[in-house]
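Residue numbering restarts at 1 for every chain, and letters A, B, ... go by the order of the sequence lines.
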Amino acid sequence: MNILEILGKIGFDWPVALANLVNFLIIFVLLKYFVFKPLARGIEARRKEIDEGLDNATSARTALQMAEQEKDGIVMDAKQQANIIIASAKQRGDELLSGTEITARERAEALVKKADKEIARSKKRMESELRGQAVQLVVSSVESILNEELTPRKSREFADRALNMMRK
Amino acid sequence: MGEFFAKLGIIRDITPLEPETIFSIAGFPIANTTITIWLITLIFIVLALVVAGTFKLRPTKFQVFIEMIYEQVVGLVDQITNDRYHSKKIFPIIGAIFVYLVVANLISIIPGLTEITLNGAPIFRSPTADFNTTFGLALGAVIAINIVSIRDWGLLGHLGKFFRFREVYQGFRQGMASGFTALIDFFVGLLDIIGEIAKVVSLALRLFGNMYAGQVLMIIIFGALAFVIPSIWLAMNIFVGILQAMVFSALVAAYYMLAIKPTSDVASREDGGKKTEVAFDAIQEA
């Protein structure tokens, strides 16, 4: 009994076996090109998309961190600059204030000096006027007492005498 | 009491070993297993249309299920080859064998399908319960592996695996002891030719035996008690069907890895070879 006879007992038939093999090959081609390839392509595309998404998320997170750091830096710089500006403004304000005070004081002092001078001048003028009037009064009084007009020399003598008495 | 139990069983004829011829085309017999393969082809055409036409980046539940199977088979091939390059290379054939066998093994479980008859013969029968299908598949796989081996080793290199004349010559040049060892290796090489045939027969008979025995046992259980118990055996059949598909495809992948040239430039490749042998032994044990 050869092997084909033995296999024949379990229903082996070459043409049917080959036909079934060919049928399987058709299924293989069908699965390979129309199931496995689209699946592999789709899964790969999804994997790429997920990877890209993760990369984007990572880069976005990094960008956010950098932006936050930048923001913190800018805020810090702004604070420092603000402090510098405030300090310089305060200094300038102080300087201006003290400058103004000095100027005002100087002006006031100048005004006071000017006023003093003016007062002194007025006082002098008033004294001389007063003296003149007093002399005139003395001369007039003497003329009325004596009932005669005094000569300029006599007038001067009486005036001098009156002034000396007033000084005493 | 005996009559009561007899009524609980459904007596059927044991499925014959050979498939029933339903009709002929130009003298070529068309068996019921061939018709079932056509039905499976039709199922895969629909599947191909659905997958190619409705694939979305945000998957539906059905797509998730299909992708899950795909990933499982890719994982299985990866485990055996331990090499991404070869996994990609052989995945289409291993994946096709696995998916085809799962459907072929489980199609007869569809209620009522095997009850459709023409001239008293069922039109549909599990293709793997027919030795012709399993033999054809095993033969095709082993031929494909030998073609891959020829492409990898060259024709002379491939034949040199079986006819080790050069080793005998080199052995005797080194000394008598080495020569006799090489002579033993020469006969081992000749036995490898039988090994190639044995691969076909073992692959074919393992699958056929398991699936046919499952059907026969189902008929016997139905005859004894048609209620409750068959459902347990049915669940077992689903498990066995998937397991056998896995064993067949894993063995083909392991044969492929043993057939190709082991590259010595990459250490991991050598390690991969060892792992393939371990995986091969584990599958054989299973």
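If you take CD1 on Ile40(B) and CZ on Phe24(A), they are separated by 11.0 Å, rounding to the nearest 0.5 Å.
Considering all non-hydrogen atoms of both residues, Ala96(B) and Phe28(A) come closest at CB-CD1, 3.6 Å. When all heavy atoms are compared, the tightest approach of Phe34(A) to Ala52(B) is O-CB, 4.0 Å. In terms of heavy-atom proximity, Pro29(B) sits nearest to Asp13(A) at CG-OD2, 4.4 Å.
Of the listed residues Thr33(B), Ile97(B), Val74(B), the one with more heavy-atom pairs under 4.5 angstrom with chain A than any other is Ile97(B). Of all the listed residues (Leu30(A), Leu25(A), Val22(A)), the one sharing the greatest number of non-hydrogen pairs under 4.5 Å with chain B is Leu30(A). Per-residue heavy-atom pair counts under 4.5 Å with chain A were compared for Val51(B), Val50(B), Leu47(B), and the maximum is reached by Val51(B). Ranked by heavy-atom pairs under 4.5 Å with chain B, the list Leu18(A), Ile43(A), Leu7(A) is led by Ile43(A). Of the listed residues (Gly95(B), Ala204(B), Ala31(B)), the greatest number of heavy-atom pairs within a distance under 4.5 Å of chain A belongs to Gly95(B). Top candidate by heavy-atom pairs under 4.5 Å with chain A, chosen from Phe91(B), Tyr100(B), Trp38(B), is Tyr100(B).
Heavy atoms of Phe28(B) lying under 4.5 Å from chain A belong exclusively to its side chain. Residue Ile10(A) touches chain B through both its backbone and its side chain, counting heavy-atom pairs closer than 4.5 Å. Only the side chain of Leu205(B) comes within less than 4.5 Å of a heavy atom of chain A; its backbone N, CA, C and O stay farther away. For Phe44(B), the parts lying near chain A are the backbone and the side chain together; criterion is any non-hydrogen pair under 4.5 Å. Contacts of Ile26(A) with chain B are made by side-chain atoms alone, with heavy-atom separations under 4.5 Å and no backbone atom involved.
Every residue two or more places apart in sequence or in another chain that forms a side-chain contact (heavy atoms from CB on, under 4.5 Å) with Val29(A) is listed here: Tyr33(A).
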> So Glu67(B) and Arg46(A), side-chain contact (heavy atoms from CB on, under 4.5 Å) or not? Walk me through it.
Replying inline: CA-CA 12 Å; Glu67(B) 282 181 21; Arg46(A) 187 191 298 141; 2.6 Å; yes
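Annotation: residues 130-139 of chain B contacts chain A through Asp130(B), Phe131(B), Asn132(B), Thr133(B), Phe135(B), Gly136(B), Leu137(B), Leu139(B) [non-hydrogen atoms, separation under 4.5 Å]. Residues of residues 85-122 of chain A never come closer than 4.5 Å to chain B when only heavy atoms are counted. Residues from residues 49-59 of chain A that place a non-hydrogen atom less than 4.5 Å from a non-hydrogen atom of chain B comprise Glu49(A), given in numerical order.
By the neighbour-count criterion of 12 heavy atoms within 6.0 Å, atom CZ of Phe23(B) is densely surrounded, having more than that number from other residues, nucleotides or ligands. In Phe222(B), the CZ atom is crowded: over 12 heavy atoms of neighbouring residues, nucleotides or ligands sit closer than 6.0 Å. Within 6.0 Å of atom CG in Asn119(B), 12 or fewer heavy atoms from other residues, nucleotides or ligands are found, so the atom counts as exposed in its surroundings. The local environment of CD in Glu71(B) is crowded, with over 12 non-hydrogen atoms from other residues, nucleotides or ligands closer than 6.0 Å.
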